[in-house]
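One structure is given here, and the rest of the page talks about it.
Letters go in sequence order (proteins before strands), and every chain restarts at 1. Computed over heavy atoms, backbone and side chain alike; hydrogens, waters and symmetry mates excluded.
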2 protein chains.
Amino acid sequence: MRPPTLRDVALQAGVHPATASRALNPETRGLVNEDTANRVIKVAKALGYRPNPIARSLKTARSATIGLLVPDLTNPLFPPIVRGVEQVLSPVGYSAWIVNTDNDLDRERSQVMSLRSRQVEGFIIATARLHHPLLEQLHAEGVPMVLVNRRLADGGVPSVTPDDAAGATMAVAHLTSLGHTRIAHLAGPQDTSTGVVRLRAYREALAAHGIEEDPALIATCASWTEQEGAVGLRQLLDSGADFTAVLGGNDMLALGCYDVLEERGLSCPQDLSVVGFNDVPFVDKLRPPLTSIHVPHQEMGAEAAHLLLDMLQNPGRHPRSVLLPPTIAVRQSTAPPRAHTP
Amino acid sequence: MRPPTLRDVALQAGVHPATASRALNPETRGLVNEDTANRVIKVAKALGYRPNPIARSLKTARSATIGLLVPDLTNPLFPPIVRGVEQVLSPVGYSAWIVNTDNDLDRERSQVMSLRSRQVEGFIIATARLHHPLLEQLHAEGVPMVLVNRRLADGGVPSVTPDDAAGATMAVAHLTSLGHTRIAHLAGPQDTSTGVVRLRAYREALAAHGIEEDPALIATCASWTEQEGAVGLRQLLDSGADFTAVLGGNDMLALGCYDVLEERGLSCPQDLSVVGFNDVPFVDKLRPPLTSIHVPHQEMGAEAAHLLLDMLQNPGRHPRSVLLPPTIAVRQSTAPPRAHTP
DNA sequence: ATGAAAGCGCTAACAA
DNA sequence: TTGTTAGCGCTTTCAT
C-alpha cells in the first residue's frame, strides 16, 4: 500500500491539498482556521501521513540538511565533532550529511558538488587547507559555511577552532618548566592553519623563554598521520640533533613518536618527553599516558553548528569566528630531562 | 545565475528534454542516436549541467542512497566499518547517509523514518539487538537491509558479523594455554547477539578445557562502554571471587578493566590478564598493549555493502549471511598466572 | 480562510 | 529515433 500523500489527507479531511499543506506546516498554520487545521492534523495522524521531504525540497530549494566534510572519520578527533554538530542540529529539525574526503581533493570536490545538488543549505568543513580553491570558491559564491578545527588563510570565512597558538605556547611552557631547553617540534603539514600556527607559536614561545631556535630541531610532516610522525622523529634522531623533548603537531604525530621510541629501544619520558595536541580519546590510556593540549572537540562541533544555523537564519549578518581556549592535560609522557641526554 | 536544468540543455542542443534526459543517462543512452547523444553531452558539459538528484528521486522513487545506522561513532569500531561501506558504494555511484543513534531506540525510529522518507533504497545496520521491533518490522515490510557486527534473533535477516563463537573460543584457548584456569568474563548486554554468543562460547570453551564453570566469575554489563566494564570488574573483585584472567566482551569493556586495575593498584598482566574483543584501533598502544580478538572491521563494512547492493540488484535472490573468521592478536596484557593469586 | 492553478526538474509511458 | 504528455508530492502565488 502506497504511503499516504498530502492529497490523501486533504481528500479525507475534505479540504484542498493547499489547505492541508498550510495546516500541517507549523510555519503557515496561522493562515488557516484553527478547527480545520486540527481536523487536518487529526486525519494526517490517523493515516500515518509523512511529508515527503524530497518533494518539498524540489519545490522550496531547501532541505533542512547541511553537509559535514570530514577528512577522516577514523581519526578520533572527528567523531566527537560530528556528535557536537548533530547535537545542535537535531533539535531544530536539521540533519547533517557526513562525508569522508580521505584528504583527497578530487573526492572532496565531487562530494561537495553532490551535496550541493542535493540542496544542502550550508556546510561545516573540517578539511580546510590554507589555500583551498574549492572552499574559496564556495565562499565567494556566498554558500553558507563554517570551518571547524582548521581555517583558511582568508580569515573572513567563519570558523571555530582551538586557539592553536595558546595551546602550543602552553606546551612549551610546560616543558621548560620541567627543565627542558632542547625541545623539538614535529610540525604538521604547512598547508594547514593548524600546522602553521602551532609551529609559529612554538618558535615564539621558545624565544620568549630565552631559548635559541635551532632549525635542526624541527621536522615537518607531510600529513597528520602516525606514519608521518614516525618518519619525522626518525629523521630528527638520525640527524644526531640533541633534544630531550618533542612537541607533536597533533596526537597522531605524537603516536608516531611512540612507535619510533619503541623500535629504537628508547623510553618515554626517561629518554624523551612527548607532548601531543588535541587530547583525543584514548591518548590518556596509552603507554605512557600522553601529555596533550586539550581542546573541547564536541563543543567545536556544536559551536560550528550554531554559527551555521545563525548564518542560515540571518543571511545578512556579519559572520563571526570563534577561538576556543585549550587547556593542558599533563600526563606521564613528560618528565624532567635526565642529566645525560639519550 | 540559476544553475542550468535539463530544459536548458535540451533547448541549447535543439532537442526535447526527454531526449536530453535519455542521452545524459548512461542507462538509456542506447535509445538515442549516437550523434544527438554526443551533441547533448557536449552542450551539457559546456553549460556545466548537473542533474538534480532530488527531482530524479521524486520521479523514480529511488535515490542511489542507503542509510547506515551506527550506535556511536565515537566507538572506534565503527569508523572503519563506515569506511568499508563507502569504499564499496562509492564506485557504483551510491552514497551512505550515516546516522548515529546513540543507542536510543526512539531516536533510531525517527531517524529510520526520516531516511525512508528520503527514499533510501536500503539499510546497513550496526545497531541490532536480538529482539528489535523496528528492525523486524522493516524486514517484514521487505525493506532491503543488511546487519553488520550484530545480528537479530531471526537469522533470516542477512548479516555480516565476526564469528563471535570462534573468537571467544580462541581467547579462552589462549588463556588456558598460558596456564589460567580461573577465567572470568565480562559479558556484554544480553540483548545483543555479540553479548550472548560470546558468553555462550566462553562457557563451552571452558567446559571443553575441562574447567568447571563458576557463575561467580561472570558479570553482565548493561552496555558496551568503558564505564560498564569498570563496574563489572569491580563487582567481580569485590565479590571475593578468585580469578587470574578476564575476557572482556569487547575492547571497551576491557578498557574499563584497565581503569579498575589502576584504581586498585593492581597491575596487568601480573595480577590479572585481560583479553579484549574486536581489536579496535589504538588498543595495541595501550598500557599494556591489549591482547584482543581481531576482526576485519573495514571488510565487515565492505562485505555488508556488497550484500546490500546485491539485494538491490537481485530483489528475488535468497539473502545470505556472512561470518568472518577472527584471529587473535596476542599482546602484553596476557601472561601466565602468578603462583599466588592477587 | 480557502481554493485554483502552476510549477520545482526530471523521467516514463505512449505516440509518431 | 524522437517528441508529447503527464505526473512524482509538495508549496506558493493569486484569486475568491
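Listed for the B:Gln111 side chain is a donor-acceptor partner under 3.5 Å among the backbone atoms of B:Asn100. Listed for the B:Asp72 side chain is a donor-acceptor partner under 3.5 Å among the backbone atoms of B:Thr74. Formation of a donor-acceptor pair under 3.5 Å by the A:Glu121 side chain with backbone atoms of A:Ser63 is found in this model.
Contacts of A:Arg320 classified as salt bridge (charged side-chain N to carboxylate O under 4.0 Å, His left out), with partners at least two apart in sequence or in another chain: A:Asp310. In this structure A:Arg116 satisfies the salt bridge (charged side-chain N to carboxylate O under 4.0 Å, His left out) test together with A:Glu141, sequence neighbours excluded. The ring-ring contact (aromatic ring centres under 6.0 Å, His included) search around B:His132 returns none, not counting sequence neighbours. Scanning for side chain to side chain contact (heavy atoms under 4.5 Å, CB included) contacts around B:Gln298 gives B:Arg83, B:Gln87, with sequence neighbours left out. Taking B:Val120 as the reference, B:Thr65, B:Leu115, B:Phe123 meet the side chain to side chain contact (heavy atoms under 4.5 Å, CB included) condition, with sequence neighbours excluded. A:Asn75 meets the side chain to side chain donor-acceptor pair (under 3.5 Å) test with no other residue; sequence neighbours excluded.
Note on A:Ser57: nothing from the nucleic acid sits closer than 4.0 angstrom, heavy atoms only.
Sorted by first and then second residue, the side-chain hydrogen bond (donor to acceptor under 3.5 Å, both in side chains) pairs involving residues 22-32 of chain A (not counting sequence neighbours) form an empty list.
Remark: B:Leu134 CG to B:Leu105 CG distance equals 8.0 Å, nearest 0.5 Å.
Residues from residues 17-34 of chain A placing a heavy atom under 4.0 Å of any atom in DNA chain C, listed by number, are A:Ala18, A:Thr19, A:Arg22, A:Leu31, A:Val32, A:Asn33.
Protein chain A contacts DNA chain D over a range whose 5' and 3' limits, counting nucleotides with an atom under 4.0 angstrom from a non-hydrogen atom, are D:dG9 to D:dT13. Contacts between chain B and DNA chain C, taken as any atom within less than 4.0 angstrom of a protein heavy atom, begin and end at C:dG9 to C:dA13.
For the helix from C:dA1-D:dT16 to C:dA16-D:dT1, the terminal axes (five pairs an end, C1' atoms, rotation from four pairs onto the next four) enclose an angle of 40°, given to 10 degrees.
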Show me the donor-acceptor pairs within less than 3.5 Å that the side chains of residues 36-51 of chain B make with the rest of the protein, sequence neighbours left out.
residue, atom, partner, partner atom, Å
B:Thr36, OG1, B:Asn33, O, 2.8
B:Arg39, NH1, B:Ala13, O, 2.4

